[in-house]
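Data first, discussion second: the structure below is written as structure tokens.
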Protein chains: 2
Amino acid sequence: MKLTSKGRYAVMALMDLARFNNINPVSLRDISLRQGISLDYLEQIFSKLRKKEIVQSVRGTQGGYVLNRKAKDIKLTNIFDAVDEKVKTVQCKKDSKKGCNGKATKCITHNLWDELENHINNFFEEKSLEDLVKNNFEKRV
Amino acid sequence: MKLTSKGRYAVMALMDLARFNNINPVSLRDISLRQGISLDYLEQIFSKLRKKEIVQSVRGTQGGYVLNRKAKDIKLTNIFDAVDEKVKTVQCKKDSKKGCNGKATKCITHNLWDELENHINNFFEEKSLEDLVKNNFEKRV
DNA sequence: ATAAACCTGACTAAAATAGTCAAGTATCAA
DNA sequence: TTGATACTTGACTATTTTAGTCAGGTTTAT
């Protein structure tokens with residue numbers, strides 16, 4: 001059980017963006033250099049973030065990206081959702097119409113994974129981008 | 001972010017075993033049939049569970065497996081640990097001596113993943129096999 | 001005009017997953 | 001004592017996912 005790099009990079013990039021947000025659009029090139037993430041990969045990630053209206057793009061020279069909402073209104077859960085970083089604990093939840101493991105009924109652990117998903121999602125729904133930036137700054141001081 | 005089948009199967013199999021535990025050893029063949037899990041795969045899983053002393057084996061005819069401790073003393077965290085179902089949220093935690101992403105310092109999201117891991121592990125440390133069996137039975141009644 | 005920066009889709013190497021397969025050994029029951 | 005049942009182990013493999021790369025655009029400030 002682990003997060004993918006895509007989810008982690010998305011959070012890193014948005015934290016980076018949030019810090020410089022009020023001045024100018026931030027270019028992916030800058031984020032790439034500061035955070036050590038491949039530029040091509042960042043472009044894929046930001047394409048998704050834009051479609052979910054988490055960021056806005058500014059094209060052309062001096063362009064880049066800006067947050068589309070206030071940092072406190074962007075929750076971790078929104079970010080992960082945008083880049084398809086889902087908390088799908090197990091396959092049996094994929095098509096819930098059928099049962100689990102090709103059977104007609106739910107598997108005996110089904111309730112457990114439901115609980116686990118809720119537990120994790122609660123964490124993601126509480127944390128905002130603002131929290132993360134503040135917290136990171138404080139710990140460094 | 002998802003669990004692997006190995007972790008899920010381990011829990012399913014142990015719940016199955018816990019229900020019949022006080023009577024006779026339970027054969028993997030029975031578990032395989034009841035839970036719809038490949039027998040060969042179960043053997044791999046139980047080999048690991050045995051090494052971590054979560055189950056005991058009884059060889060020969062009428063043999064099978066029994067729990068090695070009381071169901072209430074087997075926590076989810078023990079089971080996942082036995083089958084290498086780790087909660088390693090991100091790679092940057094792998095070798096913590098180095099920084100993240102090949103850099104010298106920790107990445108800006110590092111504290112976040114620490115928090116997340118603790119959050120998830122708390123859940124696993126609370127739940128015992130006994131809880132799971134009871135809960136599953138109650139919900140079905 | 002031209003360079004910076006966004007935009008898109010196709011492609012791919014490497015790793016992880018979810019098993020299968022083969023060849024055993026131990027024990028009980030008839 | 002011989003079969004059947006069931007545990008034991010290690011090697012192997014197809015499939016899927018991940019984590020990118022690559023190539024070719026379009027847009028806009030200067």
Side-chain angles (χ1 to χ4, degrees), chain A residues 1-10 12-13 17 20 24-33 35-52 54-66 68 80 83-86 88-92 94 100-102, chain B residues 1-10 12-13 17 20 24-33 35-52 54-66 68 80 83-86 88-92 94 100-102:
Chain A
M1 180 184 230
K2 65 177 181 195
L3 281 174
T4 65
S5 287
K6 193 172 271 181
R8 179 173 150 238
Y9 289 167
M12 288 174 74
L17 202 161
F20 296 89
N24 280 315
V26 179
S27 74
L28 293 190
R29 187 166 170 282
D30 286 352
I31 295 177
S32 166
L33 290 173
Q35 304 301 330
I37 305 169
S38 142
L39 177 59
D40 282 315
Y41 205 23
L42 274 178
E43 277 169 354
Q44 279 184 40
I45 292 167
F46 273 77
S47 169
K48 296 185 180 211
L49 293 173
R50 192 172 60 84
K51 279 172 190 157
K52 289 297 173 83
I54 290 170
V55 297
Q56 263 190 328
S57 67
V58 179
R59 300 189 75 151
T61 314
Q62 304 289 58
Y65 286 92
V66 290
N68 200 27
F80 283 148
V83 298
D84 302 311
E85 181 80 81
K86 292 197 188 104
K88 51 169 183 176
T89 44
V90 286
Q91 283 182 318
C92 60
K94 221 182 232 171
C100 310
N101 249 24
Chain B
M1 183 184 225
K2 65 178 180 193
L3 282 174
T4 65
S5 289
K6 194 172 272 183
R8 179 173 150 239
Y9 289 167
M12 288 174 76
L17 202 161
F20 297 88
N24 280 314
V26 180
S27 73
L28 293 189
R29 187 168 170 280
D30 286 351
I31 295 177
S32 167
L33 291 173
Q35 304 302 330
I37 305 169
S38 142
L39 178 58
D40 283 315
Y41 204 23
L42 274 178
E43 279 167 352
Q44 280 184 39
I45 292 168
F46 272 77
S47 168
K48 294 184 181 210
L49 292 174
R50 192 173 59 85
K51 279 173 190 156
K52 289 295 174 83
I54 290 170
V55 296
Q56 262 190 330
S57 68
V58 180
R59 301 189 73 152
T61 315
Q62 304 289 59
Y65 286 92
V66 289
N68 200 28
F80 284 149
V83 298
D84 301 312
E85 182 78 82
K86 291 195 189 108
K88 51 169 183 176
T89 44
V90 285
Q91 285 181 319
C92 59
K94 223 182 231 172
C100 311
N101 249 23

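The structure presented is a predicted model; accordingly, all values stated were derived computationally and were not measured.
- Listed by chain and residue number, nothing satisfies the side-chain hydrogen bond (donor to acceptor under 3.5 Å, both in side chains) test with Ser57(B) (two or more places apart in sequence, or in another chain).
- The phosphate of dC7(D) has neither OP1 nor OP2 within less than 4.0 Å of any side-chain N or O from Arg50(B).
- Residue Tyr65(A) has no polar side-chain atom (N or O) positioned under 4.0 Å from OP1 or OP2 of dA5(C).
- Close to dG20(D), at under 4.0 Å from its OP1 or OP2, lies a side-chain N or O of Tyr9(A).
- Among dC6(C), dT18(D), dT8(C), the nucleotide with an atom closest to any side-chain atom of Thr4(A) is dT18(D).
- Proximity of Ser57(A) to the phosphate of dA5(C): no side-chain N or O atom is located under 4.0 Å from OP1 or OP2.
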Expected string for nucleotides 22-30 of chain D under the B/S/- scheme (protein heavy atoms, under 4.0 Å, primed atoms plus P, OP1, OP2 as sugar-phosphate) is B---BBBB-
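- Considering only residues two or more places apart in sequence or on other chains, Lys86(A) meets the salt bridge (Lys or Arg N to Asp or Glu O under 4.0 Å) condition with none of them.
- Summarising the geometry, the separation between CD1 on Ile45(B) and P on dT20(C) is reported as 11 Å, rounded to the nearest angstrom.
- Side-chain proximity of Ser27(A) to dT20(C), dC6(C), dT8(C): nearest is dC6(C).
- Distance, Ile31(A) CD1 to dA5(C) P: 12 Å, rounded to whole Å.
- If you take CZ on Arg59(B) and OH on Tyr65(B), they are separated by 9.0 Å, rounding to the nearest 0.5 Å.
- Listed by chain and number, the residues in a side-chain contact (heavy atoms from CB on, under 4.5 Å) with Gln44(B) are Lys6(B), Tyr41(B) (sequence neighbours excluded).
- Checking dT9(D), dC6(C), dG19(C) against every side-chain atom of Ser5(B), the shortest atom distance belongs to dG19(C).
- Within the 4.5 Å cutoff, side-chain heavy atoms of Leu28(B) are placed close to those of Glu43(B).
- Taking Arg29(B) as the reference, Ser27(B), Leu33(B) meet the side-chain contact (heavy atoms from CB on, under 4.5 Å) condition, with sequence neighbours excluded.
- Residue Lys2(B) places its side chain closer to dT17(D) than to any other of dG20(D), dT9(D), dT17(D).
- Here the side chain of Leu28(A) is nearest to one of dC6(C), dC7(D), dT8(D), namely dC6(C).
- In this structure, OH of Tyr41(B) is placed 15 Å from C1' of dC12(D), rounded to the nearest angstrom.
- By the salt bridge (Lys or Arg N to Asp or Glu O under 4.0 Å) test, Lys48(B) is found to be paired with Asp84(B), residues two or more places apart in sequence or in another chain being considered.
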